[in-house]
Amino acid sequence: MEQRLIQIMQGSPSFYQNYFNLPQELKVKPLALIGFSGLDIVNNAIHKSVWETFINRNEKAAVSYKLISNTHKFPVIKPKRNSYDWYVPKGILKNNWMIKHLNELPAVIVIFYDLDWKDSLWNEKMIECASRVQSLRAALEGRDTRIVVVLIQNVLPLPEDPLAAERAVALCSSCELNSQSLYILPHGPHLLGYTIRLENTFFEFCQNYYYNCAKNVKLHKDHLNKNTHQYLFVRHQFKMAFFNELKQDIQSAHKHYSLSYNNLLDIRIVDTNALEIRTVAGFISYKICKLMFALNLPRDAIAQFKSHIDKFKNRSGFQELAFEHFAWLSKQYEIFGEIFDDAVKQGLPAVQTQHPGIYYQQGAQYAILRKKACQELCSKIIAYPHPDPLEGIERIDFYGQRLWRPGKMSSEPPEPIVEANGIQALQFLENQINHSSIIISLYGLAIAQYKIYKCPRTRRHLVLQMAEECYDSKDFGKALTLLSHMLSDYREEKWWGIISNILEKAIKCAYLTANVQDYIQLALEILSSSINVALEDKKRIYENLNRIFKKQIPYGDPKLPHDVLQNAIILWQPVFNNVEPSVFTLDMTKIISCVESKLRFTKPTFEIDQKVSIDIFIKTTCPFPLVFSDISLKVNSPCTSNELFIDKSEKKSLIFHPNEVKKFVIEFEADPNDINKEIQIEWMNITIGKDSECLVNLKFETQILNVDNSESKCFQKQGKNSDFNTLKSIHNSIVVPRDSKVNLKFEHDLPALVGECYEVYLLIINEELSAIKDLKVEIYTDDGNSETQFSSLPSMQPEKLPINLPVSQTLEKDSRIRTSIFIRAFNPEICNIHVKIIYTLDSDKPVISIKNEMIILPVVQPFEITTTYVSVLMQEIHKFYAGEEFGVMPLIKFLSPWPIHIENTSIEFLPPLKSLETELHSQIAGLSFNKEEISSEFYLALSEKSSDQNMVVGEYIVTWKRENGASVITRVPLHGYHCDWIPLNLKISAPAHGFVRTPVIIQYHLINHSSHLVQLDVGMEASDGFMFSGYRQSSVSVLPNSTKTLQYNLYPLIAGSVALPRILLTIPENSTDGPALRQDQLNQLIERTIPQYIYVIPQIKGNAELPEIIESREMVLSS
Amino acid sequence: MADDILLDLLHSEIVQYVVGNNDNMKDEDLSTLEYIGFSTGYRIIERLTKEMPRFKDELDTMKFICTDFWSAVYKKQIDNLRTNHQGVYVLQDNVFRFLSRLSNGKQYLEVAPRYVTFTCGVIRGSLANLNIQCLVTAEVQSLPSCKFHIQVQRT
Amino acid sequence: MSRQRFDTKKVNSELVTLTYGTLVAQMVKDFDNPDDVSKQLDRIGYNMGIRLIEDFLSKTGTGRCLDLKDTADKIQSAFRLYLGVQPNVVNWSPAGDEFSFILDSNPLTELVELPEDLKQLKYCNIICGAIRGALEMVQLDVQSWVVQDQLKGDQNTEIRVKFIRRLEDAMPAGEE
Amino acid sequence: MAVCAAIVGKENSPKFFCCVNPDEELNFQYKVLSSLDIIEEKLNPTNKPGTEIKELYLGMLYSLETCKIYGYVTNTKIKFIIVVDSSNLQLRDNEIRSMFSKIHSEYADMVSNPFYTPGEPITSKLFASSIKNIITGTV
């Protein structure tokens, strides 16, 4: 802060620079003072090192060291006063007192002396040392300063050294020191350690010393009386407080400062002492606040400061010196801001509503009042009075006393002339002050703080006030920069009132600094309808604009003072002197000017052969007509970038009347390379003026323009008739291929069947107005990963997509070509096939054209195949038995909407299964089937081995085709069942039918295909349908791998389908080594091998001869 | 105090006005209908939240819309409210006021969008004014039940 | 979701007012000429009227109107029923074929402020249309128009009804 | 009575200003604008939970030598701000509170006017006068 003030106040006498600053001695942190004597740091290296180890340490105790030369003069001691009765103090605080105790009067004096115990010249040196002590003691006669001797020794002390002890005693006595005042400092490796120990001891001594000082002051108190010694009450408390500070006891220090402050408030304030009391109050309050922050009582500090201000705010003292009062207030705030800020830097948390910035801001406010007061009171003071009433300012004894009547007590009336001169002198000096820079710097401090405490808007306001001050101090340039920086923020939140206010100032600055560029821009903004500026001002600005366009100097605001205008005109002179045209380019993007525009592509996409067209809507809200000279657009695309101008041949006037909306259209041809790429408008440029005089380019970038989603925006739903405001800008569009006139037809029979080679005919007819060339027909699908195969050949040789179908490169007008794509799908699905025809027109303007079509191709199964398995009795079975024949019956259910022709079917059995037929031949070959029809076949098979999981019987192979289609082979695996093994098999030989009362022979063959003997009990149940001969009950044993045949002779009694007598096979109880054969297996065996019924035909008339049925039957079985 | 039936009649008149005598249901432009709803919702919410304590967060606001607001405007509670806690909310009203007059059937299902769009707008408008920008779409599978999908747009 | 925070009737009433308002505002955007808007509003009113009458008859269970006086009273109660206002029936023409409803408050317009450029807009035409539509369903052919309008700063809103003729055979519902 | 009432929109742009003494408007505009800093901080969602203000009324935002400034933010993020002269001591907190809720009702009605586009500056004379009545305590 000091530095800044000084640099501000060059020119005025030095004392006035600091007139309102707190004295250094008050602001420094008081440190106990320790004097070092006997150190020759210039010539003696050892001394130098000792001195440096003492002073150059970071964590020092709260002490300051001072070298005391032998010739040093200590402040003279005043004679002790034993009664205050007749003593009338001349002031409150002596302005040399603090300095005295800070720098001149040590609490402890340390005499350094080089002396080893074993020194040869011990005695002589001891005497010299003693004499030094004596002389210092003499110099400090009457003071309690503690004297200490430190012997600097080269040899380290021994633990037990009688000589040392003895000589120490001797030295003490000769120096008249007690033993606690003698120390040795061995100069060596441990120097630092020693110094620390010494320092701590010294500091203790200091504390005792200051304690005593405070105590002494306290003693005086009793002699004081309330009416004559009010000043002394204040002074004494202050002294005690200060001593406590030196003693580093801030608690008590704070206590005494507070008492002192209260005593001060008791004093009646009159004109003559107002300044002094106010000054001292400022000092004490400063100390109190500072200590409170140190004691971490920020709230109390703030409270103290507030009440302090409240008490003195209205005590303005002399009217003639009102500025003094404001200066003081401003300073109070600034200083408090500083200590608050320091406290924050020490880690005190501040908040948005209570931070240093607030005080700097207030400081600035009072600084402004000071300035105003100065302008009122001092402007007419031109001469400094003679003789100088401030002569001898440095010799004044007390803080805050009038220089021209030091030490006078309130009682006496002031001498008018002296007073007058003194006041005049001060007024003269005040008049020299550059107030603005004070104010500005205070704003600077405040702004920094508000930034920290998240108050962007408050901060902005301060910046504006700062700008105001710059303007006041005629620094128009700086004002302009500040203002224009703030503008953008206010624009964002649309505070038109404020913006208008700023703009008016800014344009003044622009004018006064002859800043053409800014002037034009600001003018265009001011002229917009959203800015409320008086119409006559708008008019003036409008006319100025037109002058500028003509390279004429604009007129200044008549409200401005004459001299200011004069300077401005001087600045303007050179601006338009040059012959070549002046060109200005303004970025209008972020400002809301009087020129509004909407740009939009007329369509979201443009086909390459049509013109791209952009509508430009321009509206001026300027209350006066605006004349443009040209309008252009910058349009970019990946391949091109052009500036396109409106067509002026169409004689559309470029004069814009207030709120008039005009539409212009720009058309151009897109570059074929931009097909399927985006084109966008980068900016619009409106030109004003002629290039012979002054050209102004208004650039409107598009990117930013269209990101306004404010509240009211979402209500801009267009009605059926739209107006400028609801018009939406569209800044980009896409170039697409021209839409083709080629006609593409598909011929095919939906749906495709799984597995078949499906052909789609493409018929391409050129309905363009010219022949076409470079014809390409491309086939592709959406999903690459389906295993559907595509081919351009009937051979159905799979090809990778995309496939280019073989077609002739050219196609005459109105002629046609056909080609085909072949598809084989393996799953029923919907398959989307894209056909893309690309070609160029064979005309003067070869345009690439593209036609896209899609074939939506459903794929369905031609049929589905299921298989059933049956026993020899034609009953469905779900289990095979090794060595037992069974029937395989594949069923085909036809699903194709188109009839399917079966060319052939067959089964390839998979060992161990085998067919039981000599040669397999399809039973449905050559037939055709329609949708929903079902075909079935029968094949006899047998498994040679058992299997404990489902067996794959084999593959069913169907060769089929559509009517007049290519044939397709479909192979379907036949899934069978488990296959069990049991040692026994059972067969029956019986005729297909019998005749009533004609015997029938039935044989049961028990086949043992195990390597064990099988023993069984065989029984035949009686039956009403038959009489029979043969064992009704027997037990048989079938030898390994052999067959046993039981023969029965049946005699049918009735006709019809008659139940056969049931054969019973049981395992004998007594069977010892029964093979793996269980009863339930036997029963099942019977069930599936032995028919339950036989047909009995009524008696044939005449003699019946026995048909040869048994043989034939045998044949079948043995095969 | 205007009677409920007025709202029902007015609503179908507005639908009439917007749709005019357009008979192809396929992608007909109902944006005006939606906008009228938007504007209405935007304005009424200012009245309805006047006495309300400050909403804590988005969910808090949504709850209000789906409960108090809904039952006030549509005379019944929402039957089901689901959210994925990522800004998607689904409100299901099994007997939606403006659909309850339509009788069920394919041809009515086709015109259903006309009778839910206004409400989509109302919801969007209310939320917009409560500073939640969102997309609102409706889904009618079987009359007179309707699902409103609110998709909050985070920026 | 149980508690009931709002007075549903009030909310619905406000909803009607606001919805009607936004509709009118939209129409103003759609048509260049306020008079066209007024016509539209009357038409909409008519459409609502012809549906409203059923509801009215079923709610009140009243039968045919005996005379115009009776009709006036019924309409008056309809005002109470549907708009919750109680207009006075006044200014009978000597011939007794014409009268006015005076509304000192009108929920439709309570919160509306007409912009300068729409002063000739007949904001309340919907009411006139409704009266016309409703009466037509009971074989009464009338004209109805706004005489005074609070929106235009008048003391209160006056709606005039003029009897034209009794329709002998019922007209098909919907547009004439 | 208060000396100024202001309505600030969702995006912190001014919608309405009413000053007992119209010459002071600009001056008040600055004060009101600055008070938005504090409102923003008070409603800052990153504030630690529990501290968020449930009430729409935010109380006094800050006080200067010359005036005290009070704030109120609707659920729709519309800000109402009332400026009271510091010399005015008899105006109690609950009176400010009721002023705000009156203003809020007026605002809600104003928004219900179908011919007003929310977000636009408020130009209605009717509205202006009723707000004036509210702050001057003539209602």
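The sequence lines fix the lettering, A, B, ..., with proteins before strands; numbering per chain opens at 1.
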About how many Å separate [atom2] of [Y] and [atom1] of [X], when rounded to the nearest 0.5 Å?
X	Y	atom1	atom2	answer
A:Ile498	D:Leu33	CD1	CG	5.0 Å
D:Leu36	A:Glu493	CG	CD	6.5 Å
A:Trp496	D:Gln29	CH2	CD	12.5 Å
D:Lys31	A:Thr458	NZ	OG1	11.5 Å
D:Tyr62	A:Gln352	OH	CD	10.5 Å
D:Ser13	A:Glu492	OG	CD	11.5 Å

Engaged part of D:Ile38 at the chain A interface, taking heavy atoms whose separation is under 4.5 Å: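 When you check distances to chain A, atoms from both the backbone and side chain of D:Ile38 fall under 4.5 Å.
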
State, to 0.1 Å, how close A:Pro456 and D:Asp37 come at their nearest heavy-atom pair, and which atoms those are. CD-OD1, 3.2 Å

Report, as yes or no, whether the 6.0 Å neighbourhood of atom NZ on A:Lys313 holds more than 12 heavy atoms from other residues, nucleotides or ligands.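 Yes, NZ of A:Lys313 has more than 12 neighbouring heavy atoms, counting only those of other groups under 6.0 Å.
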
For the NZ atom on D:Lys54, are there more than 12 heavy atoms of other groups (residues, nucleotides or ligands in this structure) within a distance under 6.0 Å? yes

Using 30° and 60° as the class boundaries, would you call the ring planes of D:Tyr30 and A:His461 parallel, tilted or perpendicular? parallel

Tell me, side chain or backbone of [X] under 4.5 Å from chain D's heavy atoms, or both, or neither?
X	value
A:Tyr450	neither
A:Leu464	side chain
A:Gln365	neither

Return the set of residues passing salt bridge (Lys or Arg N to Asp or Glu O under 4.0 Å) with D:Glu106 (not counting sequence neighbours), or none when no residue passes.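 Listed in chain order: nothing, the list is empty.
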
One thing to verify: whether D:Glu40 and A:Arg457 come together as a salt bridge, which I'm taking to mean a side-chain N less than 4.0 angstrom from a carboxylate O.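 Salt bridge between A:Arg457 and D:Glu40, a charged N being under 4.0 Å from a carboxylate O: yes.
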
When only pairs under 4.5 Å are counted, which of A:Lys454, A:Arg459, A:Arg460 shares the most heavy-atom pairs with chain D?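 Most pairs with chain D among the choices: A:Lys454.
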
